[in-house]
Amino acid sequence: MLAKRIIPCLDVQDGRVVKGTKFENIKDVGDPVELAKRYSELGADEVVLYDITASYEERNIFLEIVEQVGEQVHIPFTVGGGIRTVEDFRSVLNAGADKISINSAAVANPDLINQAAQKFGSQCVVLSIDAKEIDGEFRVFVKGGREDTGMNLIDWAKEGEDRGAGEIVLNAINTDGVKEGYDNQTLRLLGEQVSIPIVASGGAGSMEHFRDVFVEGKADAALAASVFHFNEIEIASLKQYLVEHQIPIRQG
Amino acid sequence: MIAIIDYGAGNLKSVRHALKELEIEAFITTNPEELEDASGIILPGVGAFGEAIEQLEHMGFIEVIKDQVDRGKPLLGICLGMQLLFDKSFEYGKHKGLGLIPGDIVRFESSVKVPHIGWNQLEVTETYIDDLINENIMPLDYVYFVHSYFANPHDQQDILFQTEYGQTFPSAVKRDHVIGMQFHPEKSGRVGKQLLLNFGEMTK
């Protein structure tokens with residue numbers, strides 16, 4: 001049976017893993033390669049490396065980290081941040097990444113999804129969507145959650161699927177960093193509308209939240225950062241807890 | 001020394017890194033002639049079937065791979081590399097494969113989410129329960145999958161592992177010394193490393 005996935009997310013800035021709340025108040029967490037390796041050993045099913053600076057000057061430092069993670073970590077990893085062209089896809093995949101996550105770049109140029117899917121396969125194209133509830137409607141945001149595109153979340157997700165995305169990450173801006181649980185209602189709604197896997201992001205604060213996102217939110221994977229980075233939840237114990245709650249989980 | 005074929009399909013490094021950690025000697029090659037001196041061959045692959053087979057043809061790999069397999073050299077196809085071992089694929093049209101294992105490549109039914117992404121379980125078939133390739137692999141061990149198509153061998157005896165995903169599908173195949181793994185052993189943590197180690201033993 002296909003297991004539900006637990007995915008720690010590493011936001012990388014100037015070669016270090018950092019963590020902020022609601023995209024603000026950045027704190028230093030540690031070395032990305034060390035952390036990715038440790039999470040893999042603890043039983044993480046994947047890791048995400050997100051380049052939050054994504055400036056040209058920092059690009060090589062980041063690609064170097066991607067190379068090192070590929071060398072030392074033998075589980076899948078996704079890279080996001082600053083990928084705008086098919087050439088960017090190529091350079092990150094060549095550095096060793098398994099999947100590429102695109103967000104604002106896909107909104108600005110939706111054809112990037114088609115081009116990348118045709119060139120490298122849908123399996124490596126992850127459409128990451130920042131969404132926020134405005135007057136009862138979930139809208140797509142870009143620029144780290146600062147800019148409202150006016151697009152409807154479900155419409156954009158469906159378009160992304162049609163264009164060839166292989167997976168969708170839903171970052172709920174309302175719940176991100178506040179540790180009160182994932183946005184299960186929206187996740188479930190989204191899951192009913194698209195037929196590609198959905199990764200939940202934003203809101204994990206306790207082990208129950210992970211159980212709920214799989215049972216109520218019907219998510220295929222759950223992404224979290226600070227609860228893992230600050231040792232509030234240990235991955236092996238979380239997995240044990242989920243197994244005890246009859247959720248299909250890979251252990252060891 | 002295991003040769004890893006580089007035909008531009010990406011992610012060769014992860015295979016080499018995993019082998020390196022297992023102390024299995026390997027090299028990446030774009031030159032078909034170099035397969036002759038190798039003790040085994042790995043055909044990796046990410047991407048589309050049609051483009052991959054065209055590229056292999058263009059680089060002159062097809063006949064050399066077939067010839068080396070005829071001579072008894074162990075071959076491991078990974079992911080798309082496994083699918084390429086078969087007669088034909090129906091991914092974006094119809095394409096001819098290497099024809100080393102009789103069968104077709106077909107898409108998952110739409111009742112399940114496609115691509116099949118994530119960790120799923122292996123169940124060894126009766127045929128290969130005592131085979132060296134299954135050494136230290138436990139029933140229902142998890143490995144990592146990312147694919148939309150899977151292989152359908154004509155001969156059930158060619159199925160090595162099976163996996164449940166909406167239906168039971170062949171997740172690895174073996175015909176003599178030709179092996180195909182639909183999942184990524186190089187990305188499957190402990191279980192994947194064990195499988196690569198087992199393949200490494202076959203090349204000795």
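Letters A, B, ... are given to chains in the order of the sequence lines, protein chains preceding strands, and every chain is numbered from 1. Quantities reported herein were computed from a predicted structural model and do not represent experimental measurements.
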A:K99 portion near chain B, given a 4.5 angstrom heavy-atom threshold = side chain
Pairs of heavy atoms under 4.5 Å with chain B: top-ranked of A:R90, A:Q72, A:E41, A:E67 = A:E67
Can you measure from CG (B:L122) to CE (B:M181) and round to the nearest 0.5 angstrom?
-> 9.0 Å
May I ask you to decide whether B:R16 forms a salt bridge with B:E186, counting only side-chain N to carboxylate O separations under 4.0 Å?
-> no
Are A:K218 and A:E192 close enough for a salt bridge, meaning some N to O gap below 4.0 Å?
-> no
Selection from B:E164, B:E21, B:K193, B:H147 maximising heavy-atom pairs under 4.5 Å formed with chain A | B:E21
Toward chain A, the part of B:K20 with a non-hydrogen atom under 4.5 Å | neither
Chain B shares the most heavy-atom pairs under 4.5 Å, among A:H74, A:E46, A:K119, with A:H74
Does A:R38 come within less than 4.0 Å of A:D31, counting only side-chain N to carboxylate O?
-> no
Top contributor to chain A interface from B:W119, B:Y165, B:Y142 [non-hydrogen pairs under 4.5 Å] = B:W119
Would you please indicate yes or no on a ring centroid separation below 6.0 angstrom for B:H116 and B:F169?
-> yes
So, A:R211 and A:E208, do they make that salt bridge, N to O below 4.0 Å?
-> no
At a heavy-atom separation under 4.5 Å, does A:Q118 approach chain B through its side chain, its backbone, both, or neither?
-> backbone
Quick one: do A:K158 and A:E161 make a salt bridge, cutoff under 4.0 Å?
-> no
Please flag which part of A:A95 lies under 4.5 Å from any non-hydrogen atom of chain B: side chain, backbone, both or neither.
-> backbone
Could you tell me which of A:S40, A:P197, A:C124, A:A221 has the largest number of non-hydrogen atom pairs under 4.5 Å with chain B?
-> A:P197
Tell me, out of A:V73, A:V194, A:D220, who's got the most heavy-atom pairs with chain B below 4.5 Å.
-> A:D220
